[in-house]
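Since the structure comes first, as structure tokens, the remarks are kept for the end.
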Amino acid sequence: MTTYSSDLLRLLSERGYIHQITDAEGLDEKAAATPIAGYIGFDATAASLHVGSLVQIMMLRRLQQSGHKPIVLMGGGTTKVGDPSGKDEMRRVLDDDAINANIASIRTIFERFLRFGDGPSDAIMVNNDDWLSKLEYIPFLRDIGRHFTINRMMTFDSVRLRLDREQPLTFLEFNYMILQGYDFLELYRRDDCVLQMGGSDQWGNIVNGMELVRRVEGGHAFGVTTPLLTTADGKKMGKTEAGAVWLNEEQLPSYDYWQFWRNTQDADVGRFLRLFTDLPLSEIERLEALEGADINGAKEVLANEATAMCRGKAAADAAAQTAQKTFAGGGTGEDLPSLTVDAPVSILDALVGIGFAASKGEARRLIKGGGARMDGEAISDETALIGTEAETRLSAGKKRHGIVRRA
């Protein structure tokens, strides 16, 4: 492991965040000498971010913990265009009201992880629509577009892979990388921001922005990317059979969020503790060394710490107590997902309504696979009714439980 002199790169390195750095020596020297501003951009396509964005959120948290200024860039403008990275089709276009509502909702997530204010290391949130919507097309092409060559843009993975799959790439989306590069230039001008961070798939976009800062302003900027985060079995982090693991309570109950972390594979516990908690490294080393059934205690620590950071300590405690009642005591627990019905409903509707299946078709497959249970008994009849009793326990698989209550 490389030895760094700055608290920032030392912290990022020790906890496993670094994949690539454009100029490690230069960034290390600058971060050791003076507080710097760094940013990460986030889409505003939904009312919540999900666990797939959590590494980036934690990067901003580490930036602040080491004495530097985090800038949360919300893509109010670029959301209207769409990042082609990893996509096979153009995203749905949202209007201003929907985008602004999403940004307001997403801000509540960042307020859990970052300290906002006017101080030198306090976080700020900005919206790139503030400058992108004011650009005039011809001056923008003349002043900014001339610094980008089609030849090079065609080599970036976000473009090349899309074309290799013979999927259409609109001119609107093709402009995304130019607009993202312009964001870096604008933040450099406005906030003396010299660092952009992001996932490994953003490397080309980050380098574009750095070069634009150099060409237009003669500034020296830096980029850091994180590794593509996969679980021990090779799956993308945050992808589950039930769908996205949302960070907002409105999109996902705290118990389900806690349970996601509790279900971490043994081989991932130490890595996730480093990335997603503030526990000291010495304590993490102790926890990841546990073996056999004892590793479950480390998973509960991970679940408690990660949930407390995102949802608050009270939510984490309630989720842990519910899990204890559900699995150890055989009870139902107050924090389990619940569905209240006015009259008996089909088991298919109940599985969808409580969030255990995305559709009736998925619910049927769950039943056919023997994964749906009512009060501990396997459900074999998809026409069965639930809600005939005051309270019925509904389960999907071994680890997902909920309560259906009669109103």
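In this chain, residues are counted from 1 in sequence order.
For the atom pair CZ (F140) and OH (Y182), the distance works out to 7.0 Å, reported to the nearest 0.5 Å. Annotation: the span from I284 atom CD1 to S282 atom OG amounts to 8.5 Å, rounded to 0.5 Å. Atoms NZ and CG, on K30 and L9 in that order, are 13.0 Å from each other to the nearest 0.5 Å. Considering CG of D317 and OG of S254, their distance stands at 11.0 Å, rounded to 0.5 Å. The CD1 atom of I99 sits 5.5 Å away from atom OG1 of T79, with the distance rounded to the nearest 0.5 Å. Interatomic distance, CD1 of I403 versus OG1 of T340, reported as 10.5 Å (0.5 Å rounding).
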Inset, instruction - Apply side-chain contact (heavy atoms from CB on, under 4.5 Å) to the pair R190 and W131, showing each step before the final yes or no. - result: CA-CA 11 Å; R190 289 171 175 242; W131 53 83; 3.4 Å; yes
Legend entry - Residues I144, L135; criterion side-chain contact (heavy atoms from CB on, under 4.5 Å); working and verdict: CA-CA 11 Å; I144 304 300; L135 291 174; over 6 Å; no
Inset, instruction - Could you go through the side-chain contact (heavy atoms from CB on, under 4.5 Å) check for R262 and E300 one step at a time? - result: CA-CA 6 Å; R262 171 60 181 80; E300 291 180 7; 3.7 Å; yes
Legend entry - Verdict with supporting geometry, F113 and L60, side-chain contact (heavy atoms from CB on, under 4.5 Å): CA-CA 9 Å; F113 290 86; L60 291 173; over 6 Å; no
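Using modelled atom types, one side-chain atom of N127 and one backbone atom of D129 make a donor-acceptor pair closer than 3.5 Å. K69 contributes a side-chain N or O that, together with a main-chain N or O of G119, makes up a donor-acceptor pair within less than 3.5 Å. No side-chain donor-acceptor contact under 3.5 Å links N128 to the backbone of D183. Side-chain atoms of R112 come within 3.5 Å of backbone atoms of R311 as a donor-acceptor pair (strictly under, hydrogens ignored). In this structure, the side chain of S6 does not engage the main chain of A31 through any donor-acceptor pair within 3.5 Å. N100 contributes a side-chain N or O that, together with a main-chain N or O of D96, makes up a donor-acceptor pair within less than 3.5 Å. Of the possible polar contacts, one joining the N102 side chain to the A44 backbone as a donor-acceptor pair under 3.5 Å is found. Put simply, the side chain of S66 gets close to the backbone of L63: a donor and an acceptor are under 3.5 Å apart. Judged by distance alone, the side chain of R214 and the main-chain N or O of M210 form no donor-acceptor pair under 3.5 Å.
Contact of the W203 side chain with the I206 side chain is not registered, since no non-hydrogen atoms from C-beta on lie closer than 4.5 Å. Counting only heavy atoms from C-beta outward, the side chains of I347 and L394 approach each other to under 4.5 Å. In this structure the side chain of R373 reaches within 4.5 angstrom of the side chain of H401, judged on heavy atoms. Counting heavy atoms from C-beta outward, V224 and M59 have side chains that approach closer than 4.5 Å. Two residues are said to be in side-chain contact when any heavy atoms from C-beta on lie closer than 4.5 Å; E285 and R274 meet this criterion. Between L228 and D201 there is no side-chain heavy-atom pair separated by less than 4.5 Å. Counting heavy atoms from C-beta outward, F272 and L54 have side chains that stay 4.5 Å or more apart. Using a 4.5 Å cut-off on side-chain heavy atoms (C-beta onward), L275 and M58 make no contact.
The shortest non-hydrogen separation linking Q56 to I40 is O-CD1, 3.2 Å. For Q64 against P70, the heavy-atom pair with the smallest separation is CB-CG, 3.6 Å. Smallest separation of non-hydrogen atoms from L290 and I295: O-CD1, 3.6 Å. Nearest heavy atoms, P35 versus H68: CA-ND1, 3.4 Å. Listed here is the closest heavy atom pair of L273 and T277: O-OG1, 2.6 Å. The minimum heavy-atom distance linking A298 with L287 is given by the pair CB-O, 3.7 Å.
Checked by atom type, the side-chain pair S200/Q20 shows no donor-acceptor distance below 3.5 Å. Side-chain contact check for Q180 and Q196: at least one donor-acceptor pair (N or O, by modelled atom type) lies under 3.5 Å. Between Q202 and T225, the side chains place no donor N or O within less than 3.5 Å of an acceptor N or O (distance only, hydrogens not considered). Between the side chains of D268 and T231, not a single donor N or O lies within less than 3.5 Å of an accepting N or O. Of the N and O atoms on the side chains of Q65 and R62, at least one donor lies less than 3.5 Å from an acceptor on the other residue.
In this structure, E291 places its CD atom where only 12 or fewer heavy-atom neighbours from other residues, nucleotides or ligands lie under 6.0 Å away. More than 12 heavy-atom neighbours from other residues, nucleotides or ligands sit within 6.0 angstrom of CD on E283.
The residue from L49, L114, V51 that alone fulfils the side chain to side chain contact (heavy atoms under 4.5 Å, CB included) condition with I57 is L49. With respect to E382, the side chain to side chain donor-acceptor pair (under 3.5 Å) criterion is satisfied by exactly one of R364, K360, K368: R364.
The ring pair (Phe, Tyr, Trp, His ring centres under 6.0 Å) check on Y17 picks up nothing, with sequence neighbours excluded. In terms of the ring pair (Phe, Tyr, Trp, His ring centres under 6.0 Å) criterion, residue partners of F222 (sequence neighbours excluded) are, by chain and number, H220.
Below 30°, between 30° and 60°, or above 60°: for F276 and W261 the angle between ring planes is between 30° and 60°, a tilted geometry.
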